[in-house]
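Data block below; observations after.
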Number of protein chains: 2
Amino acid sequence: MAQTVASSSEKKLSFREQQHQFRENAILDTVNRLLAQKGYDLMTMDEVAAEVGIAKASLYKHFESKESLAAASMTRFIEEALAMARGLSPHMGALEKLKSVVRWAVRIHLSGTMPSLPSTRSSIQHALLSHQPYVQRLEELTEILGEWIGQAQQTGELSPALPGEVVLYTIYARSCDPVADFLKGGGAFSDDDIVELLVHTCFEGMAKAPSCL
Amino acid sequence: MAQTVASSSEKKLSFREQQHQFRENAILDTVNRLLAQKGYDLMTMDEVAAEVGIAKASLYKHFESKESLAAASMTRFIEEALAMARGLSPHMGALEKLKSVVRWAVRIHLSGTMPSLPSTRSSIQHALLSHQPYVQRLEELTEILGEWIGQAQQTGELSPALPGEVVLYTIYARSCDPVADFLKGGGAFSDDDIVELLVHTCFEGMAKAPSCL
DNA sequence: GTCTATAAACCGATAGAC
DNA sequence: GTCTATCGGTTTATAGAC
């Protein structure tokens, strides 16, 4: 009996916690979209609250500040990237893994739900680097990518003469490349085309013919 | 006599106009730097006035709004790019001309005086496209680059299978690529190294060894 | 044209009732 | 936890004296 009550109480608590998590995920979904559309500085807390369908004060019960809200959004995104990277088949070559990561990121970017901060210029960049959960996951991802970069350089799939940091930063930057937005705005290409074109120019440059199209 | 007076009057007017132009150029220099450092949304008119050394109200005697100020800054920058492109030796190959443009832009980017708006996300992007002087010059530059791209594709220096828009957008995007900021922040490379690394990955990709380093 | 002072709007964050 | 109402600060832009 006592066990049943305890179990029931546990279930109820777990259910509330689940609802809490569900609500927070809904908030973060909205934040991801708004960050993708307008960026951090132009996104307002009023707007987030209105789109989620709650009052602004309620938003502050979940996240203590605008900065921590954006940091949570970015952290969740990196977690998804980590899960994606770790889920890649171990039979893939290192270069193919790296391309898969860029493909995945560009596709999310094109769907309008990548909470990327475009550059060093955003006011949140500094706050993010003080947000331990974000930094930690970013380091994990960097370590995974760094390993693959080293492997691809050993096999010659990537030039060993190219500093690893250059490859890493380039991969990160191509994942939220404005070229994708421009091409999408032009309307001449499908999302799949844009993904392949971007991955091609990123790794093969512009002298070699793309395998797609 | 009348001529002398007229001439003197003309000279005085011209001098005042020159001073006016000089002041406006000083303002635009400051704006370029602030736009490069913080971007449009985070740049404030108070800040611009303070750094120029004039009162904010005086700023509004030169430019009627923050939007028109940023638009003037961007327009002047495109004019410099046009002058640079038109000044390239006619003996250069088309590909070498394109690379020279990217080299020039990345160098300015690294110097911290490129008034680039990082992406589609800035609130000024829409206003810029309604600013006729800017749009016109951007079209002129696009036409020049488009011609070179076509030539480079005919000689096979660039892949003819790659859509021209992809090449054009890529060149524009690499000119203010955040990779340059990351590498500069890392401190391991000189500005010249960064320029060559970026130009190399842009045109040759990451499989081929860079000619520099 | 340059200044000081201020208007008008917006935004992040909080108080306090329920 | 959710709401309404509001505070405090910042920003763009302008009024008016000089």
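The sequence lines fix the lettering, A, B, ..., with proteins before strands; numbering per chain opens at 1.
- To the nearest 0.5 angstrom, A:D181 atom CG is 10.0 Å from B:Q125 atom CD.
- Non-hydrogen atoms lying under 4.0 Å from DNA chain C are contributed by nothing in residues 19-26 of chain A.
- Two end axes, each from the C1' atoms of five base pairs, can be drawn for the helix from C:dG1-D:dC18 to C:dC18-D:dG1; they diverge by 20°, to 10 degrees.
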With a cut-off of 3.5 Å and sequence neighbours excluded, list every side-chain donor-acceptor pair involving residues 97-108 of chain B.
from	atom 1	to	atom 2	distance (Å)
B:S100	OG	B:E96	O	2.8
B:R103	NE	B:E196	OE2	3.0
B:R107	NH1	B:D192	OD1	2.7

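- Just one of A:L158, A:T170, A:V167 meets the side-chain contact (heavy atoms from CB on, under 4.5 Å) condition when paired with A:F203; it is A:L158.
- Contact between the side-chain N/O atoms of B:S58 and the OP1/OP2 oxygens of C:dG1 is not found at any separation under 4.0 Å.
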Q) Tell me, for nucleotides 11-18 of chain D in 5' to 3' order, what letter each nucleotide earns: B for a base near a protein heavy atom under 4.0 Å, S for only sugar-phosphate near one, - for neither? A) SBBBB---

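- Between the CD atom in B:Q153 and the CG atom in B:L95 there is a gap of 11.0 Å [rounded to 0.5 Å].
- The side chain to side chain contact (heavy atoms under 4.5 Å, CB included) check on A:S89 picks up A:H91, A:M92, with sequence neighbours excluded.
- Taken to the nearest 0.5 Å, the CG atom of A:D193 stands 10.0 Å off from the CG atom of A:L183.
- Distance check: B:L128 CG to B:L138 CG gives 9.0 Å after rounding to the nearest 0.5 Å.
- Considering only residues two or more places apart in sequence or on other chains, B:N32 meets the side chain to side chain contact (heavy atoms under 4.5 Å, CB included) condition with B:S73, B:R76, B:P115.
- The distance from atom CG of A:D177 to atom OH of B:Y169, rounded to the nearest 0.5 Å, is 13.0 Å.
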